[in-house]
Amino acid sequence: MPDIEAVHQAVRAYDPSADTGLIARCYEFAAERHAGQLRRSGEPYVVHPVGVARTIAELRLDVASVCAGLLHDCVEDTSATTEDIGRLFGPEIQMLVEGVTKLGQITWKTREERQAENFRKMLLAMARDIRVILIKLCDRVDNMRTLEHMPRDKQERISEETREIYAPMANRLGIQWMKSELEDLCFRYLEPEDYETLRSKMAGSAETRASYIAEVSEHLREAMRESEVEAQVSGRAKHLWSIHQKMKRTSRDLEQIHDIIAFRIATNSVRDCYAALGIVHSRWTPVPGRFKDFIALPKPNLYQSLHTTVIGPRSDRMEVQIRTHEMHRTAEQGIAAHWKYKESQLVGQADSKAFAWLRQLMEWQQDLKDPTEFIESVKIDLFEEEVFVFTPKGDVKALPKGSTPIDLAYAVHSKVGDECSGARVNGIIVPLRYPLRNGDTVDILTSTSQKPNKDWLKFVVTSRAKTRIRHYLRSEQRERSKKLGRDLLARELRNRNHSLPQAEKEGLVDKAATKLRLGTGDDLMVLVGYGKLSAEQAGQAVYPDRAESFADAAGQVVPDVVAQTRRTVRKSVGGVRVQGETDFVVKFAKCCSPVVGDSIVAFVSRGRGVIVHTLDCPKALDLDPARRVEVAWDEGVHVLRPVVLEVLSADRQGILAEISKRFTEHGVNITQARCKTTEDKRGINTFQVMVGHVDQLKTVIRSIQSIAGVLSVSRL
């Protein structure tokens, strides 16, 4: 049985006056409600909430948070209600449990919609109380630690979600140990061969590494003692995912990477930090361009430290991080290090700065109704690397790495972004696609005649910029379609001896829209313009003087595409059902080339039928959701679809033959190949192949990734 006493001891260690009796009662309630439930490992289910509570205690949160960790699955997985929890344990614990609980009781159309709404609810809850996301992160850590008992497809899906959302969230909150552990666990399940190879190599060199850490640490301690700077020195290897990323980025093997160990100097004051930096630089040669001062310019997650790289004792590169003891606690525990458990609140001005990104994120996302766009924008806003630029007035703006002047313009104000016509960086006019760099001073130039351009979406980075540009473009699409729809409806009504202006004056168009559950008369004309509703159907709804059917049995509007395709009775060669039917003209978007098994979305295109995109296709996100129709793969049809893969590799003899062999072994045919070698001895190989299912594609990608010398495999 789970050791709840370990949780009690952990809480008493930092809060001797904690009400452990309340924790015990919550545990008994959770154990009773989860009685008989087993995890996939075969353990009693209550082991999981106790594990979550233990991790919460490691973050030194208050008793209410620990109790919420014990109860967080009761509402979703048992007959307990939030009212039961509120009545038995108080409104504060009830509020935390409600914030963490998934929306399991509501039926959503797609898994993506469920995921989006879960994140939306979670973000809203954490905006009210940061403990919600801290509890949720502890829940995810415990689930990832026991993921080996899950089926392979769930391991991949949960790990992808963790890598894209939860690990960046932990980083945003400054909890470095949690970010590192989540990234390594995702690495283990998403790239198992690479993970195991690197883990084995690191284990094999552990003794040599320990000797090197001891030697260099003593050199650093001696240097500090000679200069009479009181400091603690330690060293440790970077986590596996970080090392793997560096190996891919530099195209080197583990043996060729010499700065996989980071040394840390912890001092008593900020003054001693800079003194220690001077000592390190005077004793060893610093590597140009590798010094960063996060004390003078802290990261948005409150992280502060000095980073430098020097040529160390064995003539190897050596990374040194210098910070105060308090900064180190914040670096490890992040926002949780500022938690004042006795008053159940966060304190200090620094904390309000730490939440500026969250308030900004919530402000920018509140108008996003489309689940896919919402998830995409959240991922962007949790982006790890940032650049800091200055406005002409000297204000500092933090933006994701790769941001352009347009991103900065939208960060200042929507109107400035819409009218951005140029930019002056450090006094020089630059193109709008210019990637901003740390320390740039940027002056945005505007013009009232300038309007957002579709091409901007190709290079802007921030979710705010993308959302505002898409909003403008969709508004333009909508206006054009409304005009076209109005013309088509007016012509149809003239054929029926009626007048559109007269129908609008009598309110018949609005009534028809209400009857069809479309909203307003303008919405009706927009759908006619898009081709999602025929002019004949709309005319029949406005003046129902003929007994014709203009809606299906479920009351849903039947797109005009149905009429077009059924006249030709043309079977779909793509194996896609549109709104449950198969006799549609279906085309696949070339921008993303969907494969059977991909999550897909489709849009009506006047005169071209239904265009199918992958759910995460950027071009699909640019289209108006009003044009969307429900689609699903027809499981009874086997089709081969073209996919383009890019394989980055070392330039070594025989590697192309090995890659080709892997395709053949998995029954995948190559229809086109382009291969070239770069100046830095890398191979860039692009293959167009035919696959029958996305699972087949994933299998062959994993197989190619395991080839010695292959750096990355990506689907274009």
Side-chain angles (χ1 to χ4, degrees), residues 151-153 155-157 160 190-194 197 248 570-578 582-602 608-620 631-678 682-716:
R152 177 67 184 157
D153 62 326
Q155 288 178 348
E156 289 189 351
R157 178 174 58 79
E160 283 176 0
L190 291 175
E191 298 164 53
E193 293 89 355
D194 289 345
T197 300
K248 285 174 64 176
R570 179 175 167 185
K571 288 288 180 181
S572 166
V573 296
V576 171
R577 290 181 176 272
V578 181
T582 57
D583 54 346
F584 278 71
V585 173
V586 173
K587 294 186 179 180
F588 293 94
K590 292 181 180 179
C591 49
C592 54
S593 192
V595 174
V596 179
D598 277 331
S599 296
I600 53 175
V601 64
R608 295 174 61 202
V610 173
I611 311 297
V612 179
H613 294 259
T614 57
L615 192 65
D616 56 356
C617 175
K619 290 196 175 180
V631 287
W633 293 106
D634 185 355
E635 297 297 333
V637 178
H638 178 73
V639 292
L640 293 176
R641 293 281 307 137
V643 175
V644 179
L645 294 179
E646 182 180 75
V647 181
L648 296 181
S649 67
D651 180 22
R652 72 168 176 82
Q653 190 172 359
I655 196 167
L656 271 179
E658 289 186 50
I659 294 171
S660 299
K661 184 181 177 183
R662 297 298 172 93
F663 281 124
T664 304
E665 287 174 349
H666 292 90
V668 175
N669 185 43
I670 301 173
T671 56
Q672 196 177 84
R674 291 194 305 275
C675 307
K676 66 177 182 179
T677 306
T678 61
R682 282 193 186 190
I684 302 177
N685 315 294
T686 307
F687 301 95
Q688 181 176 305
V689 296
M690 303 298 291
V691 295
H693 197 279
V694 72
D695 290 341
Q696 182 187 25
L697 180 62
K698 288 179 180 177
T699 302
V700 76
I701 287 175
R702 282 197 294 266
S703 179
I704 294 171
Q705 284 173 332
S706 66
I707 297 173
V710 169
L711 305 173
S712 67
V713 184
S714 54
R715 178 178 172 185
L716 301 183

Value rounded to 0.5 Å, distance of [atom1] in [X] from [atom2] in [Y]:
{"X": "Arg702", "Y": "Leu190", "atom1": "CZ", "atom2": "CG", "answer": "9.5 Å"}
{"X": "Glu191", "Y": "Ile701", "atom1": "CD", "atom2": "CD1", "answer": "11.0 Å"}
{"X": "Asn669", "Y": "Gln688", "atom1": "CG", "atom2": "CD", "answer": "10.5 Å"}
{"X": "Gln672", "Y": "Thr686", "atom1": "CD", "atom2": "OG1", "answer": "9.5 Å"}

With the side chain counted from C-beta on, respond yes when [X] and [Y] share a heavy-atom pair under 4.5 Å apart, and no when they do not.
{"X": "Ser660", "Y": "Ile670", "value": "yes"}
{"X": "Pro642", "Y": "Thr671", "value": "no"}
{"X": "Arg652", "Y": "Glu658", "value": "yes"}

Item checked: Results of side chain to side chain contact (heavy atoms under 4.5 Å, CB included) for Pro192 - residues two or more places apart only -> Arg152
Shortest non-hydrogen contact from [X] toward [Y]:
{"X": "Val596", "Y": "Gly692", "answer": "CB-O, 3.3 Å"}
{"X": "Gly597", "Y": "Trp633", "answer": "N-NE1, 3.4 Å"}
{"X": "Cys592", "Y": "His613", "answer": "SG-CA, 3.6 Å"}

Margin query: Using the rule given for side-chain contact (heavy atoms from CB on, under 4.5 Å), can you reason through Leu645 versus Phe663, listing the C-alpha separation, both sets of side-chain angles and the distance that settles it, and then say yes or no?
Written below: CA-CA 11 Å; Leu645 294 179; Phe663 281 124; 3.9 Å; yes
How would you list, by chain and number, every residue that makes a salt bridge (Lys or Arg N to Asp or Glu O under 4.0 Å) with [X], sequence neighbours excluded?
{"X": "Lys698", "result": "Glu156"}
{"X": "Glu646", "result": "none"}
{"X": "Arg674", "result": "none"}

Throw together a table of side-chain donor-acceptor distances under 3.5 angstrom for residues 703-713, partners on residues two or more places apart or in other chains.
unit_1, atom_1, unit_2, atom_2, d
Ser703, OG, Arg662, NH1, 3.2
Ser706, OG, Arg662, NH1, 3.1
Ser706, OG, Ser703, O, 2.6

Notebook entry, point to check: Hey, is the main chain of Asp695 close enough, under 3.5 Å, to the side chain of His693 for a donor-acceptor pair?
Noted result: yes
Next item on the list: Look at the side chain of Asn685 and the backbone N and O of Val647, then say whether any donor-acceptor pair between them is shorter than 3.5 Å.
Entry: yes
Checklist line | Where at least one partner belongs to residues 703-716, residue pairs that pass salt bridge (Lys or Arg N to Asp or Glu O under 4.0 Å), sequence neighbours excluded | finding: Asp598-Arg715
Notebook entry, point to check: So Leu648 and Ile684, side-chain contact (heavy atoms from CB on, under 4.5 Å) or not? Walk me through it.
Noted result: CA-CA 5 Å; Leu648 296 181; Ile684 302 177; 3.7 Å; yes
